[in-house]
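Everything below concerns the one structure shown next.
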Protein chains: 2
Amino acid sequence: MDNKYLQIYHDYVEKIESGALRSQSKLPSEHELCQQYGTSRETVRKALHLLSQNGLIQKIKGKGSFVLPVEQMDFPVSGLVSFKELAAKMGKPSQTRVISLEALAADDKTASYLRVKSTTPIWKVVRTRTISGETIILDKDYFLQQIVPKLTVSVCESSIYEYLEEELDIPISFAKKEITVEKATAEDRECLDLEGYPMVVVVRNYVHLEDAMLFQYTESRHRPDKFRFIDFARR
Amino acid sequence: MDNKYLQIYHDYVEKIESGALRSQSKLPSEHELCQQYGTSRETVRKALHLLSQNGLIQKIKGKGSFVLPVEQMDFPVSGLVSFKELAAKMGKPSQTRVISLEALAADDKTASYLRVKSTTPIWKVVRTRTISGETIILDKDYFLQQIVPKLTVSVCESSIYEYLEEELDIPISFAKKEITVEKATAEDRECLDLEGYPMVVVVRNYVHLEDAMLFQYTESRHRPDKFRFIDFARR
DNA sequence: GAGTGGTCTAGACCACAGC
DNA sequence: CTGTGGTCTAGACCACTCC
């Protein structure tokens, strides 16, 4: 069901992540790829641009396109990725526990985060994440009921993200993350294995739909020594 | 000296950041832009894609392109931006102080960060950043002398980044940032106004050239309460 | 010089929104 | 239905790298 350029893109993501294409190795030239896939050059270029944007290849004028060093698949919290996917990539035993799941009216603070009026019907989900036996992340999610009419504990235990994308087909478009370090609250100390750390890393995530409407606000609170964030930027 | 698509892109960055184009307002259709700029549609689309990637506009199929809410000029540490630019955007009095500038041979630790052999000739620069009277950032930069033959204190006091890009014309291509929280060292406590905070936020930045060669490693150590990082992600 | 990627064009057909 | 953005094509010229 992919477009042509996504087809080419996914082919090469697979080749690179599986190791079939080694770091530093050269991709076929754009001309060759046109012939292999039977497409025009702009289409091939769109695929290569995507690979380059995502840090998988490097294009050098006059030379060609080369696979970049992957550097141990670095916990890419950057972008829109779910905890489930992350945990799977890291290959560590992990567990999600639902502390609470409530349908309620937004209080003033939550309403301001979601930029809606107070008393707007919302879902509030509180979960903890346990990795290798240590509970190190406290996630608090808020959704507009208008967008997500139904939500169950079992969905919250696996992946809300998957549910929204695949079941409800909600068109998630872009998200803004904000990372700060703050004093641990009583709730943090209660829910997490903080081991005496006085602070937590707070990742606030604002998720927007295709029409730019904000529909989800997530606050992810991490034990500082277990927190790691990777960002990849191009000129 | 810009390309056509960069011309269009910069025109609209200016219009949006200056406020001439309000949040939510609609851009001309791609067809109209073609006529206004006398270019083909793919060229206009390349410009709009860039605007969209950088979080300035939102394209909606069947409707048009719309200016996104800017949300208070959000300290965009994301991407490749220099401290000088950041401080200017935030409009706060700031100051850079050079603690040391040395040409030396890489020790084992530094060599492993830069992924070169020990004893490779490098520059080591240590600087502090003071904002509104508080010294809250300690920056340690390491460069390969092979790439940067000359470096002076006065360059380090203004902007090394500008010097590399504009004077030396070094083709910076991409960078990887890694954010963690670590115990403050004696050096941190000595150079920064830590106010008793036991930890610092460490941003490690690996900067690569166009040929994917690593040429700079920067370690930026922040007082936790003054740290803020913004990440913008699209589907 | 031949081969590469970077830009650009003038078309085409499609899917979606809104009337 | 018209107008919008999303995809795709088959060319073209340029700047760069390497021999």
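Computed from a predicted structure; not experimentally measured. Chain naming here is simple, since letters A, B, ... match the order of the sequence lines and numbering starts at 1 in each. No hydrogens, no waters, no symmetry mates; every other heavy atom, side chains included, goes into these values.
- When Lys61(B), Lys59(B), Lys46(B) are each tested for a salt bridge (charged side-chain N to carboxylate O under 4.0 Å, His left out) with Glu30(B), only one passes: Lys59(B).
- Cation-pi geometry between Lys124(B) and Tyr142(B) is not satisfied (NZ or CZ under 6.0 Å from the ring centre, within 45° of the ring normal).
- The distance from atom NZ of Lys59(A) to atom C1' of dG3(C) is 15 Å, rounded to the nearest whole Å.
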Taking only nitrogen or oxygen atoms into account, show me every contact under 3.5 Å that the protein makes with nucleotides 16-19 of chain D, one pair per line with its distance.
| from | atom 1 | to | atom 2 | distance (Å) |
| --- | --- | --- | --- | --- |
| dC18(D) | OP1 | Lys63(A) | NZ | 3.3 |

Listing time: all N or O pairs from protein to nucleotides 9-14 of chain D that are below 3.5 Å?
| from | atom 1 | to | atom 2 | distance (Å) |
| --- | --- | --- | --- | --- |
| dT9(D) | OP1 | Lys4(A) | NZ | 2.7 |
| dT9(D) | OP2 | Ser40(A) | N | 2.7 |
| dT9(D) | OP2 | Ser40(A) | OG | 3.0 |
| dT9(D) | OP2 | Thr43(A) | OG1 | 2.8 |
| dA12(D) | N6 | Arg41(A) | NH1 | 3.3 |

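- Between Tyr12(A) and Tyr37(A), the ring planes lie tilted relative to each other; the angle falls in the 30° to 60° range.
- In this structure, the CD atom of Gln58(A) is 18 Å from the P atom of dT4(C), given to the nearest Å.
- Between the CG atom of Leu50(A) and the C1' atom of dC8(D) there is a distance of 16 Å, given to the nearest Å.
- For Ser29(A), a side-chain nitrogen or oxygen approaches OP1 or OP2 of dT4(C) to under 4.0 Å.
- Rounding to whole angstrom units, OH of residue Tyr9(A) and P of dG6(D) are separated by 18 Å.
- The nucleotide whose nearest atom lies closest to any side-chain atom of Asn3(B) is, among dC8(D), dG5(C), dC8(C), dC8(C).
- Using a 4.5 Å cut-off on side-chain heavy atoms (C-beta onward), Leu33(A) and Leu48(A) make contact.
- Distance, Lys26(B) NZ to dG18(C) P: 12 Å, rounded to whole Å.
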- Task: Evaluate the side-chain contact (heavy atoms from CB on, under 4.5 Å) criterion for residues Asn205(A) and Asp141(A): first the C-alpha distance (whole Å), next the side-chain angles of each, then the deciding distance (0.1 Å), finally the verdict.
- Result: CA-CA 9 Å; Asn205(A) 200 11; Asp141(A) 293 76; over 6 Å; no
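- Arg45(A) places its CZ atom 11 Å from the C1' atom of dT4(C), with the value rounded to the nearest Å.
- By the 30° and 60° cut-offs, the orientation of the rings of Tyr217(A) relative to Tyr206(A) is tilted.
- Checked by atom type, the side-chain pair Thr180(A)/Glu178(A) shows no donor-acceptor distance below 3.5 Å.
- A side-chain donor-acceptor contact under 3.5 Å links Asn54(B) and Tyr9(B).
- Note: CG (Leu33(B)) to C1' (dG5(D)) measures 12 Å, nearest angstrom.
- When the side-chain nitrogen and oxygen atoms of Tyr5(B) are compared with OP1 and OP2 of dT7(C), one or more of them lie within a distance under 4.0 Å.
- Checked against a 6.0 Å centroid threshold, the rings of Phe229(B) and Phe229(A) count as neighbours.
- Rounded to whole angstrom, the span from the NE2 atom of His31(A) across to the P atom of dG5(C) amounts to 11 Å.
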